[in-house]
Visitor: 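Here you go, one structure.
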Amino acid sequence: MNKKTSISILLKSKPEGQTVTVKGWVRTFRNNQFIALNDGSIITSMQIVVDRELLSEDVLKRITPGTALIATGKLIESQGRGQTMELVAEEILITGDSNPETYPLQPKRHSLEFLRKNGHLRFRTNTFGAIFRIRHHLAFAIHKFFNDRGFFYLNTPIVTGSDAEGAGEMFAVTAMDLGAIPRTEEGEIDYKQDFFGKETNLTVSGQLEAELGALALGNVYTFGPTFRAENSNTTRHLAEFWMIEPEIAFADLKDDMDLAENMLQYVIGYVLEKCDKDLAFLAERLENEDKNKPQAERAQPLLEKLKFVVENEFERLTYTEAFNILRNSKPNKKGKFAYPIDEWGVDLQSEHERYLVEKKFKKPVILTDYPKDIKAFYMRMNDDGKTVAAMDILVPGIGELIGGSQREERLDVLHARMKEMNIPTDEMQWYLDTRVYGTCPHAGFGLGFERLVLFVTGMSNIRDVIPFPRYPGSAEF
RNA sequence: GCCCCUUUAGCUCAGUUGGUUAGAGCGCCGGACUGUUAAUCCGUAGGUCCAAGGUUCAAGUCCUUGAAGGGGCGCCA
């Protein structure tokens with residue numbers, strides 16, 4: 001096939017009557033004369049001008065929304081308004097018809113619910129095209145950020161034999177015949193006869209393994225699929241999602257917070273530059289969506305929100321400071337919180353996080369030094385004996401975007417914590433060995449990639465920012 | 001897992017205190033149109049009112065159960 005030029009590249013060139021070929025899918029066909037052709041490389045469609053003499057009536061009728069075609073012709077400055085250039089067709093080859101009576105996508109606005117049900121075709125819409133181009137650039141920016149800073153990309157296992165992380169319910173991995181599961185004499189499932197000879201699950205986090213890498217390579221990060229079998233039915237949870245988990249050696253909680261804040265500012269700045277057209281489209285979309293909402297429910301304009309995050313420092317405060325703010329807050333005193341703030345040590349609910357982020361500070365907030373009883377065993381114990389060196393980054397509209405901590409590097413303290421929380425130490429010797437041999441202060445965090453995409457695109461349901469969402473009751477495609 | 005809302009044409013939605021033949025915009029189909037921009041103009045067709053059961057002289061409208069979808073909460077990234 002002759003070489004195609006992507007529309008994104010053509011739009012950067014000078015239209016001087018040069019002959020070019022574009023290949024894509026018809027969005028609309030106006031006036032029996034103007035094809036809006038989109039090839040996915042950019043949100044902008046190329047206008048193909050068709051001479052009626054050129055094509056037979058039959059071929060003209062076949063140019064409908066969704067039709068795939070190859071158009072060759074001269075690229076000239078557009079005669080009409082609305083686009084800078086257009087392609088005067090000399091040859092049009094239809095490679096795939098699209099029956100307009102059955103093709104679900106019409107040249108009009110569709111609801112996100114409808115497009116979710118037609119998930120196999122939603123890529124062909126402006127909204128989802130923009131989302132998935134931005135998703136790509138965000139992923140690339142994350143790799144670039146870490147690579148530029150000397151981090152090594154480490155792949156941690158997807159099938160894991162470790163069940164001590166406690167980050168959530170896990171999906172079992174087995175090759176056993178589910179109709180005839182082998183049992184021991186005591187009636188327990190006999191995992192010794194399974195493929196790996198032990199109980200295995202899909203990973204809920206690569207952190208513990210990433211620590212092993214960091215305590216040799218210095219700075220590492222993971223970026224891989226993560227699975228949680230929680231029965232979560234919300235707009236910000238998935239059963240299969242992608243998580244980024246950097247882990248840094250010889251570092252404390254402040255280094256960890258600085259890294260997370262710098263990373264978010266870098267990747268958001270990157271897409272503000274690279275994805276200006278897609279972001280502008282999504283910003284306008286969000287604005288239109290919000291027109292029907294009461295003032296109080298309207299979101300901050302998307303570009304304004306993103307620029308603000310890039311240009312301003314995040315608010316940093318401890319759990320205890322946040323607790324005092326919340327306890328003395330109006331909604332708490334007036335009994336507006338479903339979960340009143342009364343006793344130090346309670347876990348903060350999303351209504352509290354939203355108050356801090358959206359009402360009190362109106363910017364991303366980093367909460368640190370949580371009570372030890374509401375956090376995981378591996379987080380470093382603070383000198384007060386009551387709190388741990390944890391940090392959560394909360395952002396408007398989403399809540400928790402990042403969860404991290406300085407890790408407990410002192411063997412005796414870690415051992416005591418594991419015993420206290422009933423974590424079986426004998427199965428975790430591989431983890432404890434990093435503290436037995438050459439331990440050092442280190443820290444890391446987990447970033448939910450889809451939550452980042454949600455935040456950047458201004459979408460509201462996490463199922464719309466991953467190509468093939470998995471959630472309770474649904475695993476299409 | 002808990003709570004709330006929705007389900008009417010291909011899509012997005014109206015549909016009054018229960019009352020005759022259920023409507024609109026867009027799309028589709030037919031026609032017009034060589035500078036359109038979700039093109040426009042004219043015309044036609046298109047409905048098991050989510051399903052089952054109930055109340056009533058009468059149900060799209062009220063009640064019960066179920067299904068599907070959406071939102072909030074919890075768990076968390």
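Please read these numbers as outputs of a predicted model, since none were measured by experiment. Residue numbering restarts at 1 for every chain, and letters A, B, ... go by the order of the sequence lines.
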Visitor: Counting only side-chain N and O atoms of A/Arg285, is one of them less than 4.0 Å from OP1 or OP2 of B/A38?
Guide: no

Visitor: Looking only at atom P, what distance separates B/U6 and B/C42, rounded to whole Å?
Guide: 36 Å

Visitor: Given the structure, check if the side chain of A/Ser232 and the base of B/C76 hold any donor-acceptor pair shorter than 3.5 Å.
Guide: no

Visitor: Dump every N/O contact between nucleotides 23-28 of chain B and the protein below 3.5 Å, one line per pair.
Guide:
residue : atom : partner  : partner atom : Å
B/G25   : N2   : A/Lys108 : NZ           : 3.2

Visitor: Write down the distance separating the C1' atoms in B/U61 and B/A45, rounded off to the nearest Å.
Guide: 28 Å

Visitor: Is the ring pair A/Phe123/A/Phe132 parallel, tilted or perpendicular, if the boundaries are 30 and 60 degrees?
Guide: tilted

Visitor: List the atom pairs, donor and acceptor, that lie under 3.5 Å between side-chain atoms in residues 58-70 of chain A and the rest of the protein, sequence neighbours left out.
Guide:
residue : atom : partner : partner atom : Å
A/Arg62 : NE   : A/Asp97 : OD1          : 2.8
A/Arg62 : NE   : A/Asp97 : OD2          : 3.4
A/Arg62 : NH2  : A/Asp97 : OD2          : 3.0
A/Thr64 : OG1  : A/Thr67 : OG1          : 3.3
A/Thr64 : OG1  : A/Ser98 : O            : 2.8
A/Thr67 : OG1  : A/Arg62 : O            : 3.0
A/Thr67 : OG1  : A/Thr64 : N            : 3.2
A/Thr67 : OG1  : A/Thr64 : O            : 2.9

Visitor: For A/Glu16, enumerate each residue passing the side chain to side chain contact (heavy atoms under 4.5 Å, CB included) test, keeping only those at least two apart in sequence or located in another chain.
Guide: A/Lys14, A/Gln18

Visitor: With distance as the sole criterion, do the side chain of A/Arg228 and the base of B/A77 form a donor-acceptor contact below 3.5 Å?
Guide: yes

Visitor: For residues 107-122 of chain A, which residue pairs pass the side chain to side chain donor-acceptor pair (under 3.5 Å) check, not counting sequence neighbours?
Guide: A/Arg109-A/Glu289, A/Arg116-A/Asp464, A/Arg122-A/Asp464

Visitor: So, using side chain to side chain contact (heavy atoms under 4.5 Å, CB included) as the criterion, who are the partners of A/Leu10 when residues are at least two apart?
Guide: A/Thr5, A/Ser13, A/Val20, A/Val22, A/Met46, A/Leu75

Visitor: Testing A/Thr368, A/Thr387, A/Thr318 one by one against A/Asn382 for a side chain to side chain donor-acceptor pair (under 3.5 Å), which residue passes?
Guide: A/Thr387

Visitor: OP1, OP2 of B/A39 versus side-chain N and O of A/Arg30: anything below 4.0 Å?
Guide: yes

Visitor: From the options A/Glu408, A/Arg407, A/Glu211, A/Arg380, select the one residue that forms a side chain to side chain donor-acceptor pair (under 3.5 Å) with A/His442.
Guide: A/Glu211

Visitor: What does A/Glu400 touch in the nucleic acid at a heavy-atom separation under 4.0 angstrom: a base, only the sugar-phosphate, or nothing?
Guide: sugar-phosphate

Visitor: Under a 4.0 Å N-O cut-off, is there an ion pair linking A/Arg316 with A/Glu261?
Guide: yes

Visitor: For A/Phe114, is the CZ atom crowded, meaning more than 12 foreign heavy atoms sit under 6.0 Å from it?
Guide: yes

Visitor: Write out all pairs satisfying salt bridge (charged side-chain N to carboxylate O under 4.0 Å, His left out) with one or both partners inside residues 358-378 of chain A, taking only residues at least two apart or from two chains.
Guide: A/Glu315-A/Lys363, A/Lys372-A/Glu420, A/Lys375-A/Asp392

Visitor: Mark yes or no for a side-chain to base donor-acceptor pair under 3.5 Å between A/His237 and B/C76, with no hydrogen or angle criteria applied.
Guide: yes

Visitor: Within the supplied structure, the quantity of interest is the number of heavy atoms (other residues, nucleotides, ligands) at a distance under 6.0 Å from A/Glu77 CD; does it exceed 12?
Guide: no

Visitor: Name the closest nucleotide to the A/Arg109 side chain, picking from B/A38, B/U34, B/C11.
Guide: B/A38

Visitor: How is A/Phe34 classified with respect to the nucleic acid when contacts are heavy atoms under 4.0 Å: base, sugar-phosphate, or nothing?
Guide: base

Visitor: On a whole-Å scale, what distance lies between the P atoms belonging to B/A51 and B/A9?
Guide: 11 Å

Visitor: Applying a 4.0 Å non-hydrogen cut-off, can you work out what A/Tyr339 is touching in the nucleic acid: base, sugar-phosphate, or nothing?
Guide: sugar-phosphate

Visitor: Would you measure the distance from the P atom in B/G70 across to the matching atom in B/C26 and give it in whole Å?
Guide: 29 Å

Visitor: Between A/Ser111 and B/C11, is there a contact of a side-chain N or O with OP1 or OP2 at under 4.0 Å?
Guide: no

Visitor: Cation-pi check, A/Arg417 to A/Tyr378: give yes when NZ or CZ is under 6.0 Å from the six-membered ring centre and within 45° of the ring axis, no otherwise.
Guide: no

Visitor: Run through RNA chain B and report every stem of 3 or more consecutive Watson-Crick or G-U pairs, distances under 3.5 Å, ordered by first number.
Guide: B:1-7 with B:67-73, B:10-13 with B:23-26, B:29-32 with B:40-43, B:50-54 with B:62-66

Visitor: Let's see if you get this right: which residues in residues 342-368 of chain A place a heavy atom under 4.0 Å from RNA chain B?
Guide: A/Gln349, A/Ser350, A/Arg354

Visitor: Could you work out the separation of B/U36 and B/U21 based on their P atoms and round it to a whole Å?
Guide: 47 Å

Visitor: Rounded to the nearest Å, what distance is computed from the CZ atom of residue A/Phe227 to the P atom of nucleotide B/A77?
Guide: 16 Å

Visitor: Return the polar atom pairs (N/O with N/O) between nucleotides 67-71 of chain B and the protein under 3.5 Å, or none.
Guide:
residue : atom : partner  : partner atom : Å
B/G70   : OP1  : A/Arg116 : NH1          : 3.1
B/G71   : OP1  : A/Asn461 : ND2          : 2.9
B/G71   : OP2  : A/Asn461 : ND2          : 3.0

Visitor: Suppose you measure atom C1' in B/G66 against the same atom in B/G25; what distance do you get, rounded to whole Å?
Guide: 33 Å

Visitor: Report which part of the nucleic acid A/Leu105 touches: base, sugar-phosphate, or nothing (heavy-atom distance under 4.0 Å, all strands).
Guide: nothing

Visitor: Which part of the nucleic acid, if any, lies within contact of A/Ile244, taking any heavy atom under 4.0 Å across all strands shown: a base, the sugar-phosphate backbone alone, or nothing?
Guide: nothing

Visitor: Is the distance between the ring centroids of A/Tyr153 and A/Tyr221 under 6.0 Å?
Guide: yes

Visitor: So which protein N/O to nucleotides 31-33 of chain B N/O distances come out below 3.5 Å?
Guide:
residue : atom : partner : partner atom : Å
B/C33   : O2   : A/Asn31 : OD1          : 2.8
B/C33   : N4   : A/Asn32 : ND2          : 3.3

Visitor: With sequence neighbours left out, write down each residue that passes side chain to side chain contact (heavy atoms under 4.5 Å, CB included) with A/Ser460, or none if nothing qualifies.
Guide: none

Visitor: Going through the checks in order, is the side-chain hydrogen bond (donor to acceptor under 3.5 Å, both in side chains) test met by A/Glu90 and A/Thr72?
Guide: CA-CA 6 Å; A/Glu90 284 161 6; A/Thr72 302; over 6 Å; no

Visitor: Pair up each side-chain donor or acceptor in residues 446-458 of chain A with any protein partner under 3.5 Å, not counting sequence neighbours, and list the distances.
Guide:
residue  : atom : partner  : partner atom : Å
A/Glu450 : OE1  : A/Trp242 : N            : 3.0
A/Glu450 : OE2  : A/Arg135 : NH1          : 3.0
A/Glu450 : OE2  : A/Arg135 : NH2          : 3.0
A/Arg451 : NE   : A/Arg236 : O            : 3.1
A/Arg451 : NH1  : A/Glu400 : O            : 2.8
A/Arg451 : NH2  : A/Arg236 : O            : 3.0
A/Arg451 : NH2  : A/His237 : NE2          : 3.4
A/Thr457 : OG1  : A/Val453 : O            : 2.7
A/Thr457 : OG1  : A/Leu454 : O            : 3.4
A/Thr457 : OG1  : A/Met459 : N            : 3.4

Visitor: Check if the side chain of A/Gln83 and the base of B/U36 share a donor-acceptor pair of N or O atoms closer than 3.5 Å.
Guide: yes

Visitor: What pair of heavy atoms forms the shortest contact from A/Met263 to A/Ile402, and how long is it?
Guide: CE-CD1, 4.1 Å

Visitor: What contact category does A/Glu86 fall into here, base, sugar-phosphate, or nothing, at under 4.0 angstrom with non-hydrogen atoms?
Guide: base

